[in-house]
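See below for the structure under consideration.
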Amino acid sequence: MDKRPHLYLVDGSAYIFRAYHRLPPLTNPVGTPVGAVFGYTTMLWKLAEDLHKADGPTHLAVILDKAGRSFRNDIYPEYKANRPPAPEDLVPQFPLIRDATRAFSLPCIEEAGLEADDLIASYARAAAAQGWDVTIVSSDKDLMQLVGPHDSGARIDMLDTMKNVRIFIAEVEEKFGVTPDKVGDVLALMGDAVDNVPGIRGIGPKTATKLIVEHGDLESALAAAPAMKASKLRENLIEQADMARLSRVLVALKEDAPLPLPLDAFKLGEIPPEPLAAFLAEHGFTSLLKRLDAGRGSPERTTQLHPAKTVTVSAAPTSGRTPPAPMPPIDHAAYACVQTVEALEAWIARAQSARVVAFDTETAALDAIGADLVGISLAVGPNEACYIPLGHRGGDMFAQVPQQIDKATALALLKPLLESDAVLKVGQNIKYDINVLARHGVNVAPVDDTMVISFDLDAGGGDDAIWGHGMDELAQRHLGHSCIAFKDVCGTGKKQISFAEVPLDRATAYAAEDADVTWRLHRVLKPRLSDEGATTIYERVDRPLVPVVAAMERAGILVDRERLAGLSQQFAEAIAALEAEIHALAGAPFTIGSPKQLGEILFDQMGLKGGKKGKSGQYSTDQSVLEKLSGEGVAIAGKVLEWRQLAKLRSTYTEALQAAISPVTGRVHTSYSLVGAQTGRLSSTEPNLQNIPIRTEIGRQIRDCFVAAPGNVILAADYSQIELRLAAHMADVPALKDAFAAGADIHAATAQELFGEVTRETRGRAKTINFAILYGISRWGLAPRLGVTPEEAQAMIDTYFARFPGIQRYIHDTLSTVRERGYSQTLFGRKCWFPRINAKNQAERQGSERAAINAPIQGTCADIIKRAMARMMPALEAAGLGHVRMLLQVHDELVFELPETDIEAASAVIRRVMEEAAGPAVAISVPLGVEIGHGISWGAAH
DNA sequence: GCATTCACG
DNA sequence: GACGTACGTGAATGCA
């Protein structure tokens, strides 16, 4: 079976305008400006590389605008009339675009009287009609009208090569709030200043979308105008209806233009290297020329990187995704150690022209906020990597300090590269490197993170053990390579040395390998995002979050050390007193903290009733067991519970938090993991600031130790019952949705439905059952929590399902999808894999089923708050509140620090951003409630 | 290194 | 007749 044809239509004219503004003003050897041409050439090169991918092009054509009038000028003379002339140094580049296209031996189409958009539309429709997939290489919003599936089974999508983003229906909806077939209607209402399409005065994108969503299309919106309440909008809609209709015609694409060349003429074959080489040489594009030459000299490498002579379409496999072509094995001897400014400048130039550079920072410790920068490694291709030592010392006080570039000098040279919009920086857990470099005044952007990409592709995956996303594991899994172990370089335990003391040859092998592996992982993993439908979650949710979370970690939070120390002392005294009491009650001293000893004391020595645990043969002494005993009047049980609470609070919180205060900033900086929870939640470590006590009065005192700087307040904003709201929406449960819409107490409303009356007792039971639903319910799980028999629990579950019928359907549909596909998805498309969903072992299988029921709900909640976080600072800045600091995220809560004078203004922005965070990608049919509080401490903010 | 316990959403 | 139970985390502790 042959691969289905896939036509790429390159919007050449639009591209060079963007490239011109994005790229530096390069000139060729004879002084002609060629910056935009270089960008264009690089793009074609990249597209040619995609030949290897299953969704890469089999056919390709470049479409250009022909100078002069188009048929739209006949309809509306002012069309595009207010365009300023092209910049002086862009004009001579237009003809070079044609040269570049010819150099690749690619067809180039232009037609008088037609704009590129019309030719693209006509070709796209013609190709789709005969069952070809089509990718329009452009980001022009007018062309978004074309995106979507075709009756023939083919699909038309778009590719923005500058942002490296695929645009399909979801992305169009994200931009316009409507499906692609309605984009023309929205454009007609809002008009287009650049093209001088009039639209309707006073209507921008927001109103246009709203009108089309409400009324369905342009004519219906215009027809509905007289019935609207009197307003400027109504007046304009009525008065300028004809302008809107004219605009509708102007923005419509001509989809039936005669095709100057038949589709078959666009078939891609070998790209002859000679004309390309001549063109690259003429314009001084030496980096590309070198790659082309390298390709010609070594055919194996040619096939993986270069659009040279061995590249043929027929070589593409027939179905599925093409595995990335093999890369040469890791060769540590190929790595360079950069010790002079000249060598560094050469590497920076290579990275600039490669446009993608993997990099990694080495530090003296694992603390991004405080550790010293020891070196930086870069990679621009497989085995094309270097290490730049910056802070190495001799191994001991007598050894010589190795030759290194001065740190400040090197960073000043690297800064433009690391901050350049035109160069993508790739890292493995790049949040760490962002934070290290932020301390040196370098703001790394734009970035890709191979760890996060891996997570968005494979969360929860793996056959038995859960797959990790650490570099060593990824290298093993995707590259078949075992990385040099850190402990082989620095040792372990007492003999461990700082990376700063590692000799340069070994440091180079280790550090440059990290960058090389990261570069290779990026090459393998990034294309999978679009192949496997993970682009949206990565590009719209997780990727934008990386710098945001990095900034939160750097901000840290102030804790009151003296107050913590006071609590610690208080707890210690109480613990000592309890210890004496417990030993007296037991009749002998023992280690209270040992569940094993405690179990023997309670159940063997004292002869109390209790059960053994399966595997270890040890008595269970957890809270529920001790509470039961305590309720039966066993004094020692209550004392142990009290002892455990205080011991926990002291060791995990009051002591550990004091130790966590950074000597550099005086604040506590947690580290968030973006890949820590399979559902998409963040997790927090060192210290974990997502489990600070709040549920008991005694624990709550610890929250009071998290304070605002003088003159500031802590502001906490919580989504109220968000998981239950999302469950109501996702399972489409009218009774629950109505209750939320009415602002009711949801547990009370549930109690009313289930038990016919609301008392403290029934509300409590309803709350338990509501949670049980979110977690994947079972009669045996519910029964002990309600203190009823499994049969009684089952009866309540049945009543719940009867009253809220959507729930059972949601559970059933979710499970059958997961069984079939192997993964669940959130409303935003985040996948979570469940490899054990069809396990033979019932316990294992049922465990997976419960997790699979919960994952879309918990994950959607995570997606929503992540979107809020990514939008928060821009929204605050727009309101003149850029100094507000977002400090913490606790799953459904965001914590801020701000001057007390800004409480009101900031609250309004924060509430709006959080409430609207699902849109426009997803419309939730239940309001997302946000509760905001503030005070001098985190405790006081609740 | 593993099991147990318990802090949070 | 089992499974021995709610979902998702991280840290401290005791013990082999």
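Sequence lines set the chain letters: A, B, ... in the order given, protein chains first and strands last, and positions in each chain run from 1. Side chains are part of it too, since the values below use all heavy atoms of this structure and drop only hydrogens, waters and symmetry mates. In this text, all values refer to a predicted model and were calculated from it rather than measured experimentally.
- No engagement by A/E893 is indicated, since no non-hydrogen atom pair under 4.0 Å with the nucleic acid exists.
- In this structure, A/E844 reaches neither bases nor backbone, as no heavy-atom distance under 4.0 Å exists between it and the strands shown.
- With sequence neighbours excluded, the residues satisfying ring-ring contact (aromatic ring centres under 6.0 Å, His included) with A/W833 are A/Y823.
- One atom, CG of A/L626, and another, C1' of B/dC6, lie 12 Å apart when rounded to the nearest Å.
- Distance A/Q858 CD to C/dC7 C1': 6 Å, rounded to the nearest Å.
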Protein proximity profile, nucleotides 10-16 of chain C - base contact B, sugar-phosphate-only contact S, no contact -, cut-off 4.0 Å on heavy atoms: BBSSSS-
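- Distances from the side chain of A/N854 to the nucleotides C/dC7, B/dT5, B/dG9 place C/dC7 closest.
- The existence of a salt bridge linking A/E897 and A/R667 is confirmed by a sub-4.0 Å separation between a basic side-chain nitrogen and an acidic carboxylate oxygen.
- Other residues, nucleotides and ligands contribute only 12 or fewer heavy atoms inside 6.0 Å of the CD atom of A/E686.
- The same atom, P, is picked in C/dG1 and in B/dC6; the two are 35 Å apart, to the nearest Å.
- Across the P atoms, C/dG8 and C/dG4 are found 15 Å apart, a figure rounded to whole Å.
- Sorted pairs that involve residues 770-795 of chain A and meet salt bridge (charged side-chain N to carboxylate O under 4.0 Å, His left out), not counting sequence neighbours, are lacking altogether.
- A ring-ring contact (aromatic ring centres under 6.0 Å, His included) check over residues 778-802 of chain A, counting only residues at least two apart or in different chains, returns the pairs A/Y800-A/F804.
- Distance from the side chain of A/R695 is smallest for B/dC8 among the nucleotides C/dG8, B/dC8, B/dA7.
- Residues passing the ring-ring contact (aromatic ring centres under 6.0 Å, His included) test with A/F755, sequence neighbours excluded: none.
- Remark: the separation of the C1' atoms in B/dA7 and C/dA2 is 34 Å, to the nearest Å.
- Not counting sequence neighbours, the partners of A/F455 by the ring-ring contact (aromatic ring centres under 6.0 Å, His included) test are A/H469.
- Put simply, CG on A/L815 is 14 Å from C1' on C/dC7, counting in whole angstrom units.
- Atoms CD1 (A/I694) and C1' (B/dC6) sit 16 Å apart, rounded to a whole Å.
- A close approach under 4.0 Å does occur between a side-chain nitrogen or oxygen of A/Q623 and OP1 or OP2 of B/dA7.
- Summarising the local packing, NE2 of A/H934 is surrounded by 12 or fewer heavy atoms from other residues, nucleotides or ligands at distances under 6.0 Å.
- Remark: A/K431 pairs with A/E553 by the salt bridge (charged side-chain N to carboxylate O under 4.0 Å, His left out) rule, at least two apart or across chains.
- The pair A/R644-A/E579 does not count as a salt bridge, with every side-chain nitrogen at least 4.0 angstrom from each carboxylate oxygen.
- Rounded to whole angstrom, the span from the CD atom of A/E849 across to the P atom of C/dC3 amounts to 17 Å.
- Spacing between atom CD of A/Q678 and atom P of C/dG8 amounts to 9 Å, rounded to whole angstrom units.
- Taking the P atom of each, C/dA6 and B/dT5 are spaced 12 Å apart, rounded to whole Å.
- Note on A/D745 versus A/R763: salt bridge recorded, some NZ/NE/NH1/NH2 to OD/OE distance being below 4.0 Å.
- A/I811 places its CD1 atom 17 Å from the P atom of C/dA6, with the value rounded to the nearest Å.
- Heavy-atom neighbours of A/I466 CD1 from other residues, nucleotides or ligands within 6.0 Å: above the threshold of 12.
- Taking every heavy atom of residues 762-797 of chain A and every atom of DNA chain C, pairs under 4.0 Å involve A/T768, A/A772, A/Y775, A/W780, A/L782, A/R785, by number.
- Within the structure, every pair that satisfies the salt bridge (charged side-chain N to carboxylate O under 4.0 Å, His left out) test and touches residues 814-830 of chain A, not counting sequence neighbours, is listed here: A/D456-A/R830, A/D542-A/R830, A/R819-A/E849, A/R830-A/D863.
- Dense packing is recorded around CG of A/L786, with more than 12 heavy atoms of other residues, nucleotides or ligands lying under 6.0 Å away.
- For A/R850 and C/dG8, a side-chain-to-base donor-acceptor distance below 3.5 Å is absent, hydrogens and geometry of angles not being considered.
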Secondary structure of DNA chain C in dot-bracket form (Watson-Crick or G-U wobble, distances below 3.5 Å, | marking inter-strand pairs): ......|||||||||.
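- Distances shown here put a side-chain N or O of A/T621 below 4.0 Å from the OP1 or OP2 atom of B/dT5.
- At whole-Å resolution of the value, CD in A/Q690 and C1' in B/dC6 are 16 Å apart.
- For DNA chain C, no neighbouring residue in residues 930-940 of chain A is found when judged by any heavy atom under 4.0 Å.
- By the ring-ring contact (aromatic ring centres under 6.0 Å, His included) test, A/F603 is found to be paired with A/Y619, residues two or more places apart in sequence or in another chain being considered.
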